[in-house]
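Below you'll find the structure, written out as structure tokens, and then a few comments.
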Amino acid sequence: MSDAPALTDLLANAPSNWGKWGPGDEVGALNYLTEAQVLRGVAEIGAGKVFTLQRLIGDPQGEPVWPGRRPAEREQVIDESAWDEGGDGPEFPGGLHYADDKIEAFLQGSTQYDALGHVWYDGRIWNGYDARSTVGGLEKASVAPIAERGVAGRGVLLDMARFRGKDHLDAGETFTHEDLEACAAAQGTPIEDRDILLIRTNHLRLFFEQGDAFYDGFCEAGLVYSPELVEWFQRREIPNLVTDTIANEVTTDPDTGVALVLHNALMRNLGVVFTEICDLEKLAADCAEDGKYAFFYAAAPLKIHRASGSPVNPMAVK
């Protein structure tokens, strides 16, 4: 039996944005991304360089996923072999042949957006909706409203690995909002209110080096909970937290032993949208080369009815 405190107690006095955008809101802090914020992001485009941030589905080197999930499995349904002698390939006028395939996948088993109703405690999800509304699929705060709306604004890369002089952050290594501010200052691109924050740890490099051993004592590097950090996110009006790790935060809080505190303090309570398992390496290398860490960020997860998450291929345009 864990002696970790209950989230109900740990976050009893935590800030909340429930009701801020009305009783029917399902996109939370994305409301901060007004048309003016989109144009602020577009203003960062100078060279026209485009970086896609999704990790490859079906990567022969393997795919990092949350323990208990498995990577997508692609199945070839039809290909040229269907028209080999004795095959049953369909005949089309003119002789058309084609390939077709399908995947079986966890919707959060690759680069993905979390729905705001993805996690909860105390029987309530984002905006106070009853957790029973998740039974059989999310009736409220699913990923579909986020996908319908889309995400666009000024993105800022915070390269915590380079800031700390490392190739990658280690398992369980933590950082705070003050570290984010210091990193941004060192990069010459201060964080502004309503920025979309992209944090590079390169922690998943360890997955590709260690294989299955990566999951032994599983605890990712990431942001660590404090009341001050949550207040900082609220004051800064951060709409979207994007990282290159599986769960965007240190897996188990080193001080309390509670798992995924920020999923609840930021997502459930403040409506901050989470984007996970991004590949930030090419973007980070380019930012380090030209010294420009701000860009236009745009993303649109798939429109999936009642889903708790969705694959996505975000873009950063410099």
Side-chain angles (χ1 to χ4, degrees), residues 48-115 118 136-138 142-151 168 202-216 218 220 242-247 274-286 297-317:
K49 293 183 286 187
V50 177
F51 299 87
T52 59
L53 308 181
Q54 180 190 354
R55 288 191 174 272
L56 180 66
I57 293 176
D59 189 338
Q61 300 180 74
E63 298 173 73
V65 295
W66 181 260
R69 295 178 185 152
R70 63 179 186 275
E73 298 175 5
R74 192 191 65 84
E75 178 185 344
Q76 195 71 32
V77 175
I78 193 168
D79 54 33
E80 178 61 18
S81 66
W83 289 272
D84 290 346
E85 184 176 354
D88 59 356
E91 298 297 331
F92 289 93
L96 169 79
H97 291 187
Y98 68 98
D100 209 354
D101 46 11
K102 62 183 180 180
I103 63 172
E104 180 181 346
F106 279 84
L107 294 178
Q108 299 182 60
S110 61
T111 305
Q112 53 90 19
Y113 265 78
D114 282 349
H118 170 50
L138 275 59
S142 77
V143 79
I146 295 172
E148 187 69 36
R149 187 190 188 285
V151 184
H168 60 81
N202 201 22
H203 175 71
L204 292 185
R205 172 177 170 176
L206 295 174
F207 168 82
F208 294 100
E209 292 179 352
Q210 299 173 356
D212 290 343
F214 173 77
Y215 293 104
D216 293 343
F218 181 71
E220 291 190 287
V242 181
T243 74
D244 59 359
T245 61
I246 298 170
F274 279 22
T275 314
E276 298 158 336
I277 323 181
C278 289
D279 184 351
L280 303 178
E281 292 309 291
K282 290 180 181 178
L283 174 63
D286 190 79
Y297 174 93
L302 303 179
K303 298 179 183 180
I304 306 174
H305 184 51
R306 300 186 73 173
S308 59
S310 165
V312 69
N313 186 10
M315 293 196 304
V317 185

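The chain is numbered in sequence order, starting from 1.
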Are the ring centres of F214 and H203 closer than 6.0 Å? yes

With sequence neighbours left out, the residues meeting side chain to side chain contact (heavy atoms under 4.5 Å, CB included) with E104 are R70

Flag side-chain contact, heavy atom, 4.5 Å: [X] against [Y]:
| X | Y | answer |
| --- | --- | --- |
| F106 | V65 | no |
| E75 | E73 | no |
| I246 | F218 | yes |
| L53 | L280 | yes |
| L204 | E220 | yes |

Are the side chain of [X] and the backbone N or O of [Y] linked by a donor-acceptor pair below 3.5 Å?
| X | Y | value |
| --- | --- | --- |
| D114 | F274 | no |
| T111 | I277 | yes |
| D100 | I78 | no |

Got more than 12 heavy atoms from elsewhere within 6.0 Å of CG, D84? yes

Within a 6.0 Å radius of atom CD on E80, are there more than 12 heavy atoms belonging to other residues, nucleotides or ligands? yes

Do S308 and Q108 pass the side chain to side chain donor-acceptor pair (under 3.5 Å) test, and can you show the C-alpha distance, the side-chain angles, and the key distance before you say yes or no? CA-CA 8 Å; S308 59; Q108 299 182 60; 3.3 Å; yes

